[in-house]
Amino acid sequence: ANVVVPTPENFDSVVLDPSKNVFVKFFAPWCGHCIHFAPTWEKFSNEVGSDVVIAELDATKYRSIAKQYGVKGYPTLKFFPKGNKAGLSFNQKREMDILKAYVEKFSH
């Protein structure tokens, strides 16, 4: 598995690293949609290039970080490309080909 699990201690150094494109899934362990989506996210992490870091954060465990990034529902996907560490909200279908195309479009 290539999914990185940041903590409050290293979130900024992992996600806000200006030299990396980072895609973060904010989830809740009890969330049905999250559980259903987990295998796709895992597979996606194995298929994207090394220039993209795939991460996931339990938003119920680290509420302050989730709140900071406006996470209101689960799963919430936010992409933090090299040039935009404010984060882009991913609001499309959570399917492999769409995820890949999205990352290719915004990774520079």
Side-chain angles (χ1 to χ4, degrees):
N2 294 314
V3 178
V4 176
V5 182
T7 63
E9 292 73 38
N10 72 2
F11 186 87
D12 289 359
S13 62
V14 171
V15 177
L16 305 183
D17 181 338
S19 69
K20 293 190 170 66
N21 296 301
V22 186
F23 209 168
V24 182
K25 173 182 77 171
F26 294 89
F27 73 99
W30 44 259
C31 156
H33 290 295
C34 301
I35 294 162
H36 180 72
F37 177 58
T40 303
W41 191 245
E42 186 75 25
K43 189 169 181 234
F44 176 58
S45 76
N46 292 319
E47 293 189 14
V48 291
S50 58
D51 60 329
V52 180
V53 175
I54 302 299
E56 63 182 27
L57 186 88
D58 180 343
T60 64
K61 194 172 177 184
Y62 303 123
R63 292 176 197 273
S64 61
I65 295 174
K67 189 177 178 190
Q68 184 181 343
Y69 290 98
V71 175
K72 294 190 172 31
Y74 309 114
T76 292
L77 304 182
K78 287 198 177 277
F79 188 52
F80 297 84
K82 291 176 187 174
N84 179 3
K85 291 303 178 174
L88 302 168
S89 292
F90 177 87
N91 297 313
Q92 301 171 39
K93 279 192 171 178
R94 296 184 291 266
E95 294 172 1
M96 184 68 71
D97 54 346
I98 296 171
L99 289 163
K100 282 185 182 170
Y102 183 86
V103 163
E104 283 168 21
K105 180 180 176 184
F106 289 105
S107 299
H108 302 297

Would you mind writing out the side-chain donor-acceptor pairs for residues 59-68 within the sub-3.5 Å range, not counting sequence neighbours?
| unit_1 | atom_1 | unit_2 | atom_2 | d |
| --- | --- | --- | --- | --- |
| Thr60 | OG1 | Asp58 | OD1 | 2.5 |
| Arg63 | NE | Thr60 | O | 3.4 |

Under 4.5 Å between side-chain heavy atoms, counting indirect links through other Ile/Leu/Val/Met/Phe/Trp/Tyr residues: same cluster for [X] and [Y] or not?
| X | Y | answer |
| --- | --- | --- |
| Leu16 | Val71 | yes |
| Trp30 | Leu57 | yes |
| Val3 | Phe79 | yes |
| Phe23 | Tyr69 | no |

Checklist entry - Is there side-chain contact between Leu77 and Phe37, with at least one heavy-atom pair below 4.5 Å? => result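 The answer is yes, as the side chains (C-beta and beyond) meet within the 4.5 Å cut-off.
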
Item to check | All pairs passing salt bridge (charged side-chain N to carboxylate O under 4.0 Å, His left out) where residues 6-26 contributes a residue, at least two apart | outcome: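 Every salt bridge (charged side-chain N to carboxylate O under 4.0 Å, His left out) pair that includes a residue of residues 6-26, provided the two are not neighbours, is Asp17-Lys20, Lys25-Glu56.
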
Atom pairs and distances, donor-acceptor, side-chain atoms in residues 87-101, under 3.5 Å, two or more places apart:
| unit_1 | atom_1 | unit_2 | atom_2 | d |
| --- | --- | --- | --- | --- |
| Ser89 | OG | Lys78 | NZ | 2.7 |
| Lys100 | NZ | Glu47 | OE1 | 2.6 |

Item to check | Residue list, ring-ring contact (aromatic ring centres under 6.0 Å, His included) with Phe26, at least two apart or on another chain | outcome: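 With sequence neighbours excluded, Phe26 shows a ring-ring contact (aromatic ring centres under 6.0 Å, His included) to no residue whatsoever.
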
Checklist entry - Can the ring centres of Phe44 and Tyr102 be said to be less than 6.0 Å apart? => result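 For Phe44 and Tyr102, the ring centres are not under 6.0 Å apart.
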
Next on the checklist: For Tyr74 and Phe27, I'd like to know if the aromatic rings sit close, meaning centre-to-centre distance below 6.0 Å.
Outcome noted: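 Ring centres of Phe27 and Tyr74 not closer than 6.0 Å.
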
Next on the checklist: Pair Val52, Ile54 - check side-chain contact (heavy atoms from CB on, under 4.5 Å), show working.
Outcome noted: CA-CA 6 Å; Val52 180; Ile54 302 299; 3.9 Å; yes

Checklist entry - Within a reach of under 6.0 Å around NZ of Lys43, are more than 12 heavy atoms found that belong to other residues, nucleotides or ligands? => result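 Not more than 12 within 6.0 Å, no.
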
Tell me the closest heavy-atom pair linking [X] and [Y], and the distance in Å.
| X | Y | result |
| --- | --- | --- |
| His33 | Pro75 | CB-CD, 3.8 Å |
| Val22 | Ala55 | CG1-CB, 4.5 Å |
| Asn2 | Ser45 | ND2-O, 3.3 Å |

